[in-house]
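A quick write-up on the structure given underneath.
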Amino acid sequence: MGFEEMWAALLPVGRDPAGGGYRRFTWTPPELECRAWFLDEARVRGFDVERDRNGNLVAWWYPDGADRSAEGVLTGSHLDSVPGGGAYDGPLGVVSAFAAIDLLRERGVRPSRPIGVGAFAEEEGARFGVACLGSRLLTGTIDPGRARRLTDADGRTFADVAAENGLDPDAIGPDEEILGRIGCYVELHVEQGRALTEPVGVASSIVPHGRWRFDFAGEGNHAGTTRITDRHDPMLPFAIMVIAARQAAERHGALATVGKVRVTPGGVNAIPSHVAAWLDGRGPVDDAVRRTVADISEDARVAAGAHGVTLDVAEESYTEVVGLDLDLRDRVVKALGGAPVLPTGAGHDAGILASRLPTAMLFVRNPTGVSHAPSEHAELDDCLAGVEALATVLKDLAGG
Ligand code: HGY
Ligand code: MN
Ligand code: MN
């Protein structure tokens, strides 16, 4: 199957028929369908397929004559999505990986190293709350015990859901054997902004980014019988926190987003007892992010106190600025005969794997510049240019 056929096969999986984007949460039916698609594509190509102890999928192509023990070149991305996400974020990298290897095989290229296709679990952190959970576990950059305890919106733990899907929750964690087989990782991804004006670009860095949970605990009560002066309504300090997020981000040249909130009990005629809100903070440098989050936390704390509400702020994940491997980046640009080089404001598994091995990223132009929303897009010609570029890079890196 070529790029277009593979793309068409995945496209309807997990898409909201009303046009509201994709919902492919880890180990829910649509994402499981994407996993099944991955395994089928790997098997029809005769790849060695495995699911690691953390739920990541890796399929290896051992070309005839290749040194099976040599460190391989891994490419790929992720199959899960944010709620209401676009079609390209993640799957474009996985489909392009299979299509790029197909090009090499059709052209009789025989790399001396293995080439692998990876699909990392829970990259968006949309179900269990920590982004790049699968690659963090693989590289040992999250405590397995903490990962086991992460819960989804229904209160189900990662451990329980992983066990339900055939993993041993007690075995999750770093896997030096798998990491030892990967010489470098090259992830192709749809560009998630407007910076790329050519079909294909190369990443220079990933900006610092993190997630914080704000828990406002107040006093639930009746909306119609509780005097204003008697209220301890957590919604008020929450509202102030949202405004403070925008103001602090502007003040520090950073980005701050509150896109997820959970109100308990959530009745129209009940003053909430609790509001949980998540802050996504990013910025050009760590200091800008840290100052932004500190200001927001302070404003939220003052507001909570003024309303007799308690506040707890917890950092759920943080990734410092990732300077992708310069030598690998330059080699990729050279293999492509030159390409625009640009930073990204989005986090990626490449940024997590970078702590353990050389990683690079290719971007495919996104004419809408929108991502994490249904209008995320890449033109077919640009997607095919991305496949061609990835094939060129894989051939160069794997000694074809
Ligand atoms: O949130 C991000 O930046 C990425 O899309 N997971
Ligand atoms: Mn994403
Ligand atoms: Mn992504």
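Both ligands and their constituent atoms are indexed starting at 1 by order of listing. Excluded from the calculations below are hydrogen atoms, water molecules and symmetry mates; all remaining heavy atoms, backbone and side chain alike, are included.
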Hey, is Glu122 touching ligand 1 through its side chain, its backbone, both or neither, going by heavy atoms under 4.0 Å?
-> neither
Has His78 got an N, O or S atom lying less than 2.8 Å from the Mn ion (ligand 2)?
-> no
Among the N/O/S atoms of Asp89, the Mn ion (ligand 3) lies closest to OD1
Distance to 0.1 Å, residue and atom name: give those for the protein heavy atom nearest to atom 4 (C) of ligand 1.
-> Gly347 O, 3.2 Å
Within-4.5 Å side-chain heavy-atom neighbours: Phe3 and Leu92 | yes
Glu122 versus Val130: any side-chain heavy-atom pair under 4.5 Å?
-> no
Should the proximity of Ala346 to ligand 1, defined as any heavy atom under 4.0 Å, be assigned to the side chain, the backbone, both, or neither?
-> both
N, O or S atom of Glu124 closer to the Mn ion (ligand 3) than 2.8 Å = no
Hey, is there an N, O or S on His189 sitting under 2.8 Å from the Mn ion (ligand 3)?
-> yes
Phe98 ring center within less than 6.0 Å of Trp7 ring center | no
Any side-chain heavy-atom pair of His307 and Phe238 under 4.5 Å = no
Given that the side chain starts at C-beta and the backbone is N, CA, C, O, which of these parts of His372 lies under 4.0 Å from ligand 1, counting heavy atoms, or is it both or neither?
-> side chain
Evaluating non-hydrogen atoms only, which member of His348, Arg282, His78 is closest to atom 2 (C) of ligand 1?
-> Arg282
Pairing of Arg107 and Glu388 as salt bridge, 4.0 angstrom limit = yes
Is any side-chain heavy atom of Val95 less than 4.5 Å from a side-chain heavy atom of Tyr88?
-> no
Is Glu176 salt-bridged to Arg356, cutoff N-O under 4.0 Å?
-> yes
Within a distance under 4.0 Å of any heavy atom of Glu124, pick out the atoms of ligand 1 and give their elements.
-> 4 (C), 5 (O), 6 (N)
